[in-house]
Protein chains: 2
Amino acid sequence: MNYYIEILKASGLKATVQRLTILEVMSDSGHITIDGLYQQINQTHPTLSLATIYKNIVMMIEKKVVVEIPIVGSKSYYELKKQDHIHIICKECGDVRDKEIDPSWHTSSLADDTFSLSYMQINLYGTCLECQ
Amino acid sequence: MNYYIEILKASGLKATVQRLTILEVMSDSGHITIDGLYQQINQTHPTLSLATIYKNIVMMIEKKVVVEIPIVGSKSYYELKKQDHIHIICKECGDVRDKEIDPSWHTSSLADDTFSLSYMQINLYGTCLECQ
DNA sequence: ATCCTTGCAAATGATTTGCAAGAGT
DNA sequence: ACTCTTGCAAATCATTTGCAAGGAT
């Protein structure tokens, strides 16, 4: 918890209960949609409003504390910012898992020299073991 | 034009002027949003409604004629279905370019054996030459 | 002739905004 | 004390739906 207070302050955001709650729930679930966040949070903080979640997600994305994961055929997921990694997405159950990017990949060679790369996003869609 | 008639029929969809127009505009621009489609089409087919575009995009995605490209921080783009490839996206101007996937990549090794991969999506975000 | 598709308008759903009260620094 | 943030309700924007008329096979 204290960890997130530091992150928020370092980003110029006040450490409110609402923000800390959002970050904790997001961290626990790994990847979560806005609706998911709201439902989870509602159980422990029934007064925390949807509007507050929206406002804060927008803000924390701007401050690079949170990252959006846009998904084919569904709402975006959100996660805490960390190193670039692959998302393995089950089309059946919607589960999202992380995987490290194979270091043998020369990611810099992906784009050409004329393009200044800032970040990448790799999503693999398919069916997980449980859903097969 | 006749080419798209075949594709539609093969997918079990009637070849209407509206659908052919959508496919042509989409092909011309490479990648386009719903709004973009509507504005482009409006110039030549002012009566073609937004609702028709929505209905058809949904249908053609189901039939695998069209593919959604979800984008960080903006609406999804759509393109004609073709081989998997990389999208190079300029965060400044929104331009989307295609690039072949480096064949030296062992894409099958990206996921583990337990995951049945159906398709992948690789987006590189940064700044294009013109916007630098 | 039949069934599918269109276009309109209305309905729904998601996200954003304005503002007064409350909380963090 | 000051400024930022919250929560509510209303406003806006995006997407979907129902239905009667028109078009494709």
Side-chain angles (χ1 to χ4, degrees), chain A residues 1-25 32-39 41-63 65-66 68-78 94, chain B residues 1-2 4-25 32-63 65-66 68-78 94:
Chain A
M1 187 87 158
N2 247 293
Y3 175 58
Y4 296 125
I5 296 182
E6 300 313 322
I7 292 183
L8 288 172
K9 288 190 177 168
S11 307
L13 297 173
K14 289 186 176 170
T16 64
V17 180
Q18 289 85 344
R19 282 175 187 154
L20 293 170
T21 306
I22 290 171
L23 292 177
E24 284 213 321
V25 171
I32 195 164
T33 59
I34 298 280
D35 290 358
L37 259 180
Y38 183 59
Q39 283 165 26
I41 290 175
N42 213 249
Q43 298 176 11
T44 51
H45 298 74
T47 62
L48 203 164
S49 71
L50 238 194
T52 295
I53 293 179
Y54 273 109
K55 284 173 186 165
N56 280 312
I57 292 289
V58 169
M59 252 176 176
M60 296 195 289
I61 285 177
E62 268 172 14
K63 300 298 189 181
V65 175
V66 165
E68 179 189 358
I69 312 169
I71 301 276
V72 169
S74 96
K75 299 263 185 67
S76 285
Y77 280 66
Y78 298 88
Chain B
M1 185 85 158
N2 246 292
Y4 296 125
I5 296 182
E6 301 312 322
I7 292 183
L8 288 172
K9 289 190 178 171
S11 306
L13 297 172
K14 287 185 178 173
T16 64
V17 180
Q18 289 85 344
R19 282 176 187 153
L20 294 170
T21 307
I22 290 172
L23 292 177
E24 284 213 321
V25 171
I32 195 164
T33 61
I34 299 281
D35 289 359
L37 259 181
Y38 183 59
Q39 282 165 26
Q40 292 271 320
I41 289 175
N42 213 251
Q43 298 177 12
T44 51
H45 298 74
T47 61
L48 204 164
S49 71
L50 238 194
T52 295
I53 294 179
Y54 274 108
K55 285 173 187 167
N56 280 311
I57 291 290
V58 169
M59 250 176 177
M60 295 195 290
I61 285 177
E62 270 172 13
K63 299 298 189 180
V65 175
V66 165
E68 179 188 358
I69 311 169
I71 301 276
V72 169
S74 96
K75 300 264 185 68
S76 286
Y77 280 67
Y78 299 88

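Chain letters run A, B, ... following the sequence lines, proteins first and then strands; every chain starts at 1. Excluded from the calculations below are hydrogen atoms, water molecules and symmetry mates; all remaining heavy atoms, backbone and side chain alike, are included.
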>> So if I take residues 51-62 of chain B and measure heavy-atom distances to DNA chain D, which residues fall below 4.0 Å?
In response: B/A51, B/Y54, B/K55
> For residues 68-77 of chain A, which residues have at least one heavy atom under 4.0 Å from DNA chain C?
Replying inline: A/K75
>> Need one value for A/I34: base, sugar-phosphate or nothing, where a base atom within 4.0 Å counts as base even if backbone is also close, heavy atoms only.
In response: nothing
Counterpart residues, side-chain hydrogen bond (donor to acceptor under 3.5 Å, both in side chains), relative to [X] (two or more places apart):
| X | result |
| --- | --- |
| B/E62 | none |
| A/T16 | none |
| A/Q39 | none |

Considering only nitrogen or oxygen atoms on both sides, find all protein atoms under 3.5 Å from nucleotides 22-25 of chain C and state each distance.
{"residue": "C/dT25", "atom": "OP1", "partner": "A/A15", "partner atom": "N", "Å": "3.4"}

>> Tell me which pairs pass side-chain hydrogen bond (donor to acceptor under 3.5 Å, both in side chains) where either residue lies in residues 44-54 of chain B, with sequence neighbours left out.
In response: B/S49-B/T52
> Of all residues at least two apart in sequence or in a different chain, which pass the side chain to side chain contact (heavy atoms under 4.5 Å, CB included) check with B/Y38?
Replying inline: B/N42, B/L50, B/I53
>> Run the side chain to side chain contact (heavy atoms under 4.5 Å, CB included) test against B/K63 and tell me which residues pass, sequence neighbours left out.
In response: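 Scan of B/K63 (side chain to side chain contact (heavy atoms under 4.5 Å, CB included), adjacent residues dropped) gives B/S11, B/L13, B/V65.
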> Could you give the CG-to-P distance, from B/L50 to D/dA14, as a whole number of Å?
Replying inline: 9 Å
> Partners of A/K75 by salt bridge (Lys or Arg N to Asp or Glu O under 4.0 Å), sequence neighbours excluded?
Replying inline: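 For A/K75, the residues satisfying salt bridge (Lys or Arg N to Asp or Glu O under 4.0 Å) (neighbours in sequence not counted) are A/D35.
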